[in-house]
Amino acid sequence: MAENSYQRSPKETTALANSILASVQKEAPLTWYYGSTMPYAQRQEYEHKTKKGYFRLAILEEAPILHARLSFIVRDQLGG
């Protein structure tokens with residue numbers, strides 16, 4: 001998801017895009033998070049003329065893939 005958000009983000013100076021990849025952290029087993037430390041990241045997410053929604057669209061695009069992978073793992077663990 002972070003890579004997808006990076007690809008979709010505005011890249012005038014690359015600072016925003018690079019902050020997305022640098023932010024990926026594991027918080028707990030099966031829990032990761034990412035975002036941006038740039039002060040204008042939220043504004044770009046909601047107001048950029050051509051690239052708005054770069055986080056939300058990446059998450060929506062990746063969610064079915066993540067769901068399928070997790071479903072496979074659960075079925076495998078349950079023997080089904």
Side-chain angles (χ1 to χ4, degrees):
M1 287 183 191
E3 176 69 29
N4 194 331
S5 294
Y6 165 84
Q7 293 296 331
R8 292 174 175 276
S9 69
K11 294 181 185 68
E12 186 174 325
T13 66
T14 70
L16 174 60
N18 290 338
S19 74
I20 294 169
L21 292 181
S23 73
V24 178
Q25 294 184 19
K26 185 174 184 177
E27 188 172 291
L30 301 177
T31 305
W32 292 75
Y33 69 91
Y34 74 98
S36 175
T37 57
M38 302 308 292
Y40 51 85
Q42 184 174 1
R43 186 166 188 169
Q44 294 287 40
E45 169 70 10
Y46 290 97
E47 297 178 16
H48 193 277
K49 284 186 179 185
T50 61
K51 298 283 189 170
K52 68 180 165 187
Y54 56 94
F55 277 114
R56 292 171 289 158
L57 292 172
I59 292 167
L60 287 172
E61 186 175 288
E62 299 284 334
I65 298 165
L66 181 60
H67 183 268
R69 288 179 183 169
L70 291 173
S71 294
F72 175 78
I73 291 168
V74 169
R75 279 194 303 270
D76 186 55
Q77 293 295 314
L78 295 176

Student: Output yes when a side-chain donor or acceptor of Ser5 lies under 3.5 Å from a complementary backbone atom of Ala58, and no otherwise.
Tutor: no
Student: Calculate, to the nearest 0.5 Å, the distance between atoms CD and OH belonging to Glu47 and Tyr40 respectively.
Tutor: 14.5 Å
Student: With rounding to the nearest 0.5 angstrom, report the CG to CD1 distance, Asn4 to Ile65.
Tutor: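 Rounded to the nearest 0.5 Å, the CG-CD1 separation comes out at 8.0 Å.
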Student: Does the pair Arg56 and Glu45 meet the rule for a salt bridge (Lys or Arg N to Asp or Glu O under 4.0 Å), with working shown?
Tutor: CA-CA 8 Å; Arg56 292 171 289 158; Glu45 169 70 10; 2.7 Å; yes
Student: With rounding to the nearest 0.5 angstrom, report the NZ to CD distance, Lys51 to Gln44.
Tutor: 11.0 Å
Student: CG/Leu57 to OG/Ser9 distance, rounded to the nearest 0.5 angstrom?
Tutor: 12.0 Å
Student: Any idea which heavy atoms bring Leu21 and Ala2 closest together, and the distance?
Tutor: CD2-O, 4.0 Å
Student: Is it the case that one hydrophobic cluster holds both Met38 and Val24, taking links as side-chain heavy atoms less than 4.5 Å apart, direct or via other members?
Tutor: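 Yes, one cluster joins them.
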Student: Which value, rounded to the nearest 0.5 Å, describes the distance between Arg43 atom CZ and Leu16 atom CG?
Tutor: 14.0 Å
Student: Could you see if Tyr54 belongs to whatever hydrophobic cluster contains Ile59? Use Ile, Leu, Val, Met, Phe, Trp, Tyr and a side-chain cutoff under 4.5 Å.
Tutor: yes
Student: Are a donor atom and an acceptor atom from the side chains of Gln25 and Tyr33 found within less than 3.5 Å of each other?
Tutor: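 Yes - a donor-acceptor pair under 3.5 Å links their side chains.
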Student: Check whether any side-chain N or O of Asn18 sits under 3.5 Å from a backbone N or O of Thr14 as a donor-acceptor pair, and report yes or no.
Tutor: yes
Student: Would you mind telling me which of Trp32, Tyr6, Tyr34 makes a side-chain contact (heavy atoms from CB on, under 4.5 Å) with Met1?
Tutor: Tyr34
Student: Working to the nearest 0.5 Å, report the span between CD of Glu3 and CD of Glu62.
Tutor: 9.5 Å
Student: Is there a donor-acceptor pair closer than 3.5 Å between any side-chain N or O of Lys11 and the backbone N or O of Gln7?
Tutor: yes
